[in-house]
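To start, the structure itself, in structure tokens.
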Amino acid sequence: MLQEINIGEEPLELDATFTSGQIFRWHKIDGWWQGWIGHSKVAFKKTGNLIQIRSVPTLDLDVVHNFFSLQVDHKSIIESLPEDRFTRYLVKKYSGIRILQQDAWECAMAYIISSSLSINAINKILDRISFLFTGDSRGCLPGPHEIQMIRPLDNFLGKKWDYLIILSKQIVEGTFKFELLRTLTYESAWRRLVIDEPHFKGIGPKVADCILLFSANKYSSFPIDRWVFRGLKKYYSSLVEESGVSSEHLTITKYKKLSDSARQYFGKFSGFLQEYLFVHLRNTN
DNA sequence: GCCCAGGTGCGGC
DNA sequence: GCCGCACATGGG
């Protein structure tokens, strides 16, 4: 089924968005960006102000609207971000990048796997999980119930596989629901993932921020990985100094201090700026 | 073979 | 609390 959404003058570049590193396993084929949203096979193409959508089973347009975070308009992003020169530069250069709202379970799975791996390796591993589940490396990913049926032949994910299984059980048994995160403030949701009991193995301060930004509409989240940390030191050194963080290795306490001062400085749409900074660092180094 | 990549858990002070 | 280390994969 072919659908479309008119986004008016809102800046949105599919190439920049899907190659930004926030989402995995999307491929541009014959001009269409193709991937999965949950168990729906989806393709997007942009012509002029229109986003064209193919999906099987057909997605509700509200889902697509939320997927691209279209409720956040570019003007309010610009108005809430600080006016220093470098921030202006990033906004001008990368405004076509949108924050995508992924399926929460898939997002958690991807970012638990992501730790200390390259984006390329993450994609490969997710493809491998898809292959174990569907027999096709370009297939969909197993849900929380489905992943428990899979028995990997080798230990290709190490302890991370156990972390995924533990999380899937918490979801299947209902002791944790991702929907909860959407109802909480950023601060409470982050604490729920990182501090509160029961603890989630494999979800530290940075992975938690990614889950909140990329699947729980927490646009003030500011994930700090190696690239973003370097970016902050290089372009926003006063933020790093005022938070008292010196070493590259961030403990939870240090991470929280730095993340909080960045979030205070960049404001309610910190997450967009974080993404611009992440892409900029990767493209220029 | 070594280094780095969207970090985290763990044991030991 | 912080430090040092192990951990799996893949590309340069």
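Since the structure is predicted, the reported quantities are computational estimates derived from the model, not experimental observations. All values below were derived from every heavy atom in this structure, side-chain atoms included, with hydrogens, water molecules and symmetry-related copies excluded. Within every chain, numbering begins at 1; the chains are lettered A, B, ... in the order of the sequence lines, protein sequences first and strands thereafter.
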Exercise. OG1/T17(A) to CZ/F44(A) distance, rounded to the nearest 0.5 angstrom?
Worked result: 11.0 Å
Exercise. Salt bridge or not for K256(A) and D260(A), using N-O below 4.0 Å?
Worked result: yes
Exercise. To the nearest Å, how far apart are K201(A) NZ and dC7(C) P?
Worked result: 15 Å
Exercise. Closer than 4.0 Å, any side-chain N/O of N120(A) to the OP1 or OP2 of dG10(C)?
Worked result: no
For this session: Pick the P atom in dT8(B) and in dG11(C), then give their distance to the nearest Å.
Result: 24 Å
Exercise. Expressed in angstrom and rounded to an integer, what is the separation of N123(A) atom CG from dG11(C) atom P?
Worked result: 11 Å
Problem set entry | DNA chain B: 5'-proximal contact among A121(A) and L250(A) (nearest heavy atom) | A121(A)
For this session: Nearest whole angstrom, please: distance from the P of dA6(C) to the CG of N155(A).
Result: 17 Å
For this session: Identify whether any heavy atom of E248(A) sits under 4.0 Å from a base atom; if not, whether one sits that close to sugar-phosphate; answer base, sugar-phosphate or nothing.
Result: nothing
For this session: Tell me what K124(A) touches on the nucleic acid: a base, only sugar-phosphate, or nothing, going by heavy atoms under 4.0 Å.
Result: sugar-phosphate
Exercise. Do you see a donor-acceptor pair shorter than 3.5 Å between the side chains of Y89(A) and K93(A)?
Worked result: yes
Exercise. With a 4.0 Å cut-off on heavy atoms, is F200(A) in touch with a base, just the backbone sugar-phosphate, or nothing at all?
Worked result: sugar-phosphate
For this session: Quick one: label T253(A) by what it contacts on the DNA or RNA (base, sugar-phosphate, nothing), any heavy atom closer than 4.0 Å.
Result: sugar-phosphate
Exercise. NA contact type, I119(A), heavy-atom cut-off 4.0 Å: base, sugar-phosphate, or nothing?
Worked result: sugar-phosphate
Exercise. Chain A on DNA chain B: first and last contacting nucleotide, 5' to 3', under 4.0 Å to a heavy atom?
Worked result: dA5(B) to dC10(B)
Problem set entry | Integer angstrom distance from the P of dG9(B) to that of dG10(C) | 23 Å
Problem set entry | Close side-chain approach of T175(A) to P198(A), heavy-atom, < 4.5 Å | no
For this session: Report which part of the nucleic acid G21(A) touches: base, sugar-phosphate, or nothing (heavy-atom distance under 4.0 Å, all strands).
Result: base
Problem set entry | Between P of dT9(C) and CD1 of I112(A), the distance in whole Å | 18 Å
Problem set entry | Between CD1 on residue I211(A) and NZ on residue K206(A), distance to nearest 0.5 Å | 9.5 Å
Exercise. Just checking, any donor-acceptor pair under 3.5 angstrom between side chains of Y236(A) and T87(A)?
Worked result: yes
Could I get a table of every N or O pair under 3.5 Å where one atom is in the protein and the other is in nucleotides 3-5 of chain C?
none

Problem set entry | Heavy-atom check, side chain of T58(A) versus side chain of I53(A), under 4.5 Å | no
Exercise. Roughly how many Å is it from NZ in K160(A) to P in dT9(C), rounded to a whole number?
Worked result: 10 Å
For this session: Check whether NZ of the Lys or CZ of the Arg K46(A) lies under 6.0 Å from the centre of the six-membered ring of W32(A) and within 45 degrees of that ring's axis.
Result: no
Exercise. Closest heavy-atom contact between V194(A) and G204(A)?
Worked result: CG2-O, 3.8 Å
For this session: Specify the closest pair of heavy atoms between S137(A) and D127(A), including all atoms of both residues, with the distance to one decimal.
Result: O-OD1, 3.2 Å
Exercise. With a 4.0 Å cut-off on heavy atoms, is I203(A) in touch with a base, just the backbone sugar-phosphate, or nothing at all?
Worked result: sugar-phosphate
For this session: For dG6(B) and dC3(C), measure between their P atoms and round to the nearest Å.
Result: 24 Å
Exercise. Of Q274(A) and G202(A), whose nearest nucleotide on DNA chain B comes first from the 5' end?
Worked result: Q274(A)
For this session: To the nearest Å, give me how far apart OH (Y163(A)) and C1' (dA6(C)) are.
Result: 11 Å
